[in-house]
Amino acid sequence: MSQAVVSLHLRRLYQRLESLGIDVRRGERDRLATWRPRLVGSSYVGSAANLAAYLAFRHHDIRDIQDELAVLGLSSLGRTEAHVRAGIAAVQASLGAVLGDAASLARVERIGRLREAQALRLPERAAVLLGPERPDRRTRVMVTLPEEAATDANVVRDLLERGMDLARINAAHDGPDTWRAMARQVRSASSQSGRPCRILLDLPGPKLRIAPLPSKPGRLRLRSPRDGSGLNVFLLDGSGEPGTPRPLDGSEPRVAVDPAWLAHLDIGDRIECVDARARPRILRVDARSSAHTVLVSTRRGIALAEGIELRLLRKHKEGASVTIGPFEPAPGSITVRVGDVLRLVADRPVTRSDVGDRDPDGPWIACIQAGVLEALQVGREVVVDDGHVVTRVEAIAANEARLRVMTTRRPEERLRADQGLNFPDSPIRGQGFGADDLIALDVAADTADIVGLSFAQGPEDVDRLIKELDARGAHDTGVIAKIETQSGIERLPDIIVAGAARRPFGVMIARGDLAVEIGYERLAEMQEEVMWLCEAAHVPVIWATQVLESLVKTGIPTRAELTDAAMAQRAECVMLNKGPHILEGIDTLIDVICRMQAHQSKKTSRLRALGSW
């Protein structure tokens, strides 16, 4: 190919880049005009302009230009998120230098300094919102606090020592006293250890959930011990109070019995019974905890319920017997399988008879929100518990919808109150700020550094949250918009500008509900696009939902979730949920993050020397 032909080809490529730059500037100007009212007096104008430029840039398909630039050894424009116009200008100036334009050489250096300055905006804003980077890693670790963190100082201390940078309080569970106690424990542990830790309080949000189901008679069920002790331990309680089937504070469960019978028990006594599953069991009296409680143990699994007879065995003769008193009621639940029918109601409470497993017409569940049934259509999906159960509407009557269970994660799934309901192909959404959100905001204003806006669907949601925070005097509290709906995806640029123009602001990719809402097959693509958009907007991202979930819950990770954790390193923060193996989860996550950051920074592959070969 002659030099003249090569020169003509390069000049045409230069002109295409120039045309692209003009279109990007025009699109940036038009988009900024719509955001101008929100940007008055804000320091976010420059970042908003870059976001507007990125949106205009990504309306073009430039794959053929990228191929030609790569052949020339020039940047293919694939990593321009943080500095869109400067990135295009830098490639154009480099191409001009190849063509012999002396002025382009000076422009390359000047544009390079501009790109560096723009690239610093994201880490600076991440530090303001999420706290400083660690010396050994850029990505922070957020952990959802378990309820025990409210009462056990060691829980938070251990999390901080392992590397937690942010503590998440989920206001969809527990209550104000527990949230405040958790926050006090975090502040205290952070002060004592010298390790900074921000607090995020997540609002409950307008998530549609299963309404409370009627409670069931309480039962204590202890499985065969697997911890090496060989013993199940619980208390016989003569105080007359109902027993607690599953205590939440880690103490031994209590079984109510007659105090006069309890007074005759001695250490070493044996007690026999036939448990709730008709299995004979022997109990041993191990200790007397107080005048009203005796500690007993059994070497096998046992199921106890009200009315079961306990018979004291003494050498050479049988002792007196007693029947177990009442237990605290257990939360109601429904077991479903593929092919079962559920009935969804939205206009009346659910009663005990409604949820009987033997109901020939199928058990009921309720969603307490007006308009749900009216918006449903036959053939549409209703998804329960983040996709654990998927149903399809078979019929709709005046006061109920008949749902057929199509898929379940396990052969049997148990539905309980407060599990989420999603209507991915129906125009049904939760109703704005509720009373629970306002109560949580009262706590957040006093205790939290950041508030999580659940189910953010548009800039008006951000406006309302900021108004409520200002009314409580929380003018510096940061805001995280949790993106978990189709509307949140579509209006993400406007959501970002509404928040970042007024507060320290970030975005959480809440992948549980998001996958249900947009379809699992789109999740991988969409989480990438959200990451790119947020980098262009210079706002930090939190990568959330089911990160290392198997490891945190069971102690054994899956191969897929380790790969997912490696991808999460590109975010400014990764969230782990609570679980019995959370400390191992933090260790593994940090190890993966530190390994991967030597190879990858956002979309840029970093060529660290390889040592495997």
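Note that the structure is predicted; figures quoted are calculated from it, not measured.
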**Request:** Run the salt-bridge test on E394 and R343 with the 4.0 Å N-O cut-off and return the result as yes or no.
**Result:** no

**Message:** Pair L342, W364 - check side-chain contact (heavy atoms from CB on, under 4.5 Å), show working.
**Reply:** CA-CA 6 Å; L342 278 172; W364 298 79; over 6 Å; no

**Asked** Judged by modelled atom types alone, do R187 and T447 share a side-chain donor-acceptor pair under 3.5 Å?
**Response** no

**Message:** Tell me the closest heavy-atom pair linking I593 and V574, and the distance in Å.
**Reply:** CD1-CG2, 4.5 Å

**Item:** Verdict with supporting geometry, E460 and R491, salt bridge (charged side-chain N to carboxylate O under 4.0 Å, His left out)
**Value:** CA-CA 11 Å; E460 61 277 0; R491 304 181 72 189; 2.9 Å; yes

**Prompt:** Would you say the side chain of I586 lies within less than 4.5 Å of the side chain of E161, judging by non-hydrogen atoms?
**Reply:** no

**Asked** How close do L129 and I450 get, heavy atom to heavy atom, and via which atoms?
**Response** O-CD1, 3.3 Å

**Item:** Test item: R392 and R380 side chains (from C-beta on) under 4.5 Å apart, heavy atoms
**Value:** no

Residues 495-504, side-chain donor-acceptor partners within the protein, below 3.5 Å, at least two apart:
from: R502; atom 1: NH1; to: D463; atom 2: OD1; distance (Å): 3.0
from: R503; atom 1: NE; to: H475; atom 2: O; distance (Å): 3.4
from: R503; atom 1: NH1; to: A474; atom 2: O; distance (Å): 2.8
from: R503; atom 1: NH1; to: T477; atom 2: O; distance (Å): 2.9
from: R503; atom 1: NH2; to: D470; atom 2: OD1; distance (Å): 2.4
from: R503; atom 1: NH2; to: A474; atom 2: O; distance (Å): 3.2

**Message:** Per the salt bridge (charged side-chain N to carboxylate O under 4.0 Å, His left out) rule, what does the pair list look like for residues 171-184, sequence neighbours excluded?
**Reply:** R180-D446

**Message:** E549: which residues meet the salt bridge (charged side-chain N to carboxylate O under 4.0 Å, His left out) condition with it, sequence neighbours left out?
**Reply:** K553

**Message:** Check whether N50 reaches the backbone of A536 with its side chain - one donor and one acceptor, N or O, closer than 3.5 Å.
**Reply:** yes

**Item:** Partner of L201 by side chain to side chain contact (heavy atoms under 4.5 Å, CB included), out of V443, L441, D449
**Value:** V443

**Item:** Any side-chain heavy-atom pair of V547 and N577 under 4.5 Å
**Value:** no

**Message:** I'd like to know if the side chain of D340 and the backbone of V336 have a donor-acceptor N/O pair within less than 3.5 Å.
**Reply:** no

**Request:** Measure across T139 and A568 and return the closest heavy-atom pair with its distance rounded to 0.1 Å.
**Result:** CG2-O, 4.4 Å

**Where L213 and L415 come nearest, the two heavy atoms and their spacing** = CD1-O, 3.8 Å

**Message:** I need the S454 OG to L203 CG distance, nearest 0.5 Å.
**Reply:** 6.0 Å

**Prompt:** side-chain contact (heavy atoms from CB on, under 4.5 Å) between I590 and V141: does it pass, once the steps are laid out?
**Reply:** CA-CA 8 Å; I590 291 175; V141 174; 4.0 Å; yes

**Asked** For D564 and R511, what are the C-alpha separation, side-chain angles and deciding distance, and is it a salt bridge (charged side-chain N to carboxylate O under 4.0 Å, His left out)?
**Response** CA-CA 12 Å; D564 178 61; R511 300 182 300 167; 2.8 Å; yes

**Asked** Short question: side chain of R138, backbone of E133 - any donor-acceptor pair under 3.5 Å?
**Response** no

**Message:** Could you check whether E413 pairs with R410 (Lys NZ or Arg NE/NH1/NH2 to Asp/Glu carboxylate O, under 4.0 Å)?
**Reply:** yes

**Message:** If you apply the rule salt bridge (charged side-chain N to carboxylate O under 4.0 Å, His left out), what do you find for E412 with R337, and how did you get there?
**Reply:** CA-CA 5 Å; E412 291 187 352; R337 308 168 186 84; 2.9 Å; yes

**Message:** Any side-chain to backbone donor/acceptor pair from N422 onto P424? Under 3.5 Å, distance only.
**Reply:** no

**Complete:** The reported gap from CG in L576 to OG1 in T545 (rounded to nearest 0.5 angstrom) is 11.5 Å

**Item:** Heavy-atom donor-acceptor pair, E381 side chain to F423 backbone, under 3.5 Å
**Value:** no

**Request:** Would you mind reporting whether I582 and L159 have side-chain heavy atoms less than 4.5 Å apart?
**Result:** yes

**Evaluation steps, side-chain contact (heavy atoms from CB on, under 4.5 Å), between L453 and I480** = CA-CA 6 Å; L453 176 60; I480 295 288; over 6 Å; no

**4.5 Å side-chain heavy-atom contact, L344 and C367** = yes

**Asked** Quick one: do the Q192 and S188 side chains pair a donor with an acceptor below 3.5 Å?
**Response** yes

**Request:** Quick one: pull up CG in L533 and CG in L51 and give me the separation to the nearest 0.5 Å.
**Result:** 5.5 Å

**Request:** For K482 and M508, indicate whether the former's side chain and the latter's backbone hold a donor-acceptor pair under 3.5 Å.
**Result:** no

**Asked** Looking at CG of L166 and CG of L145, how far apart are the two atoms once the value is rounded to the nearest 0.5 Å?
**Response** 10.5 Å

**Request:** Sort out for me which residue in E81, E535, E572 forms a salt bridge (charged side-chain N to carboxylate O under 4.0 Å, His left out) with K602.
**Result:** E572

**Fill in**
Of all heavy-atom pairs linking P540 and F505, the shortest is CD-O, 3.3 Å

**Message:** Could you check whether W35 and D494, counting side-chain N and O atoms only, form a donor-acceptor pair closer than 3.5 Å?
**Reply:** yes

**Request:** Compute whether any side-chain donor of one residue and acceptor of the other, for R414 and S333, lie under 3.5 angstrom apart.
**Result:** yes

**Message:** For the backbone of E525 and the side chain of E528, can you confirm whether one donor and one acceptor N or O come within less than 3.5 Å of each other?
**Reply:** no

**Prompt:** Is the backbone of D418 close enough, under 3.5 Å, to the side chain of R209 for a donor and an acceptor to pair up by distance?
**Reply:** yes

**Item:** Rounded distance (nearest 0.5 Å) linking atom CD of E517 with atom OG of S487
**Value:** 10.0 Å

**Prompt:** What is the distance from atom CD of Q377 to atom OG of S426, rounded to the nearest 0.5 Å?
**Reply:** 7.0 Å

**Request:** Would you indicate whether the side-chain heavy atoms of L200 and I169 approach each other to under 4.5 Å?
**Result:** no

**Expected output: side-chain E484 to main-chain F455 donor-acceptor under 3.5 Å** = yes

**4.5 Å side-chain heavy-atom contact, R402 and I396** = no

**Message:** Which heavy atom of V156 sits nearest to which heavy atom of V186, and what is that distance?
**Reply:** CG1-CA, 3.8 Å

**Message:** Set out, in order, the CA-CA distance, both residues' side-chain angles and the distance that settles side-chain contact (heavy atoms from CB on, under 4.5 Å) for R195 and M164, then state yes or no.
**Reply:** CA-CA 9 Å; R195 295 180 173 90; M164 177 178 71; over 6 Å; no

**Request:** Report yes or no: does D437 contribute a side-chain atom to a donor-acceptor pair with the main-chain N or O of G434 at less than 3.5 Å?
**Result:** yes

**Prompt:** Given D165 and R134, is the salt bridge (charged side-chain N to carboxylate O under 4.0 Å, His left out) satisfied, shown in steps?
**Reply:** CA-CA 9 Å; D165 302 292; R134 296 261 183 155; 2.6 Å; yes

**Asked** Under 4.5 Å between any side-chain heavy atoms of V341 and L403, yes or no?
**Response** no

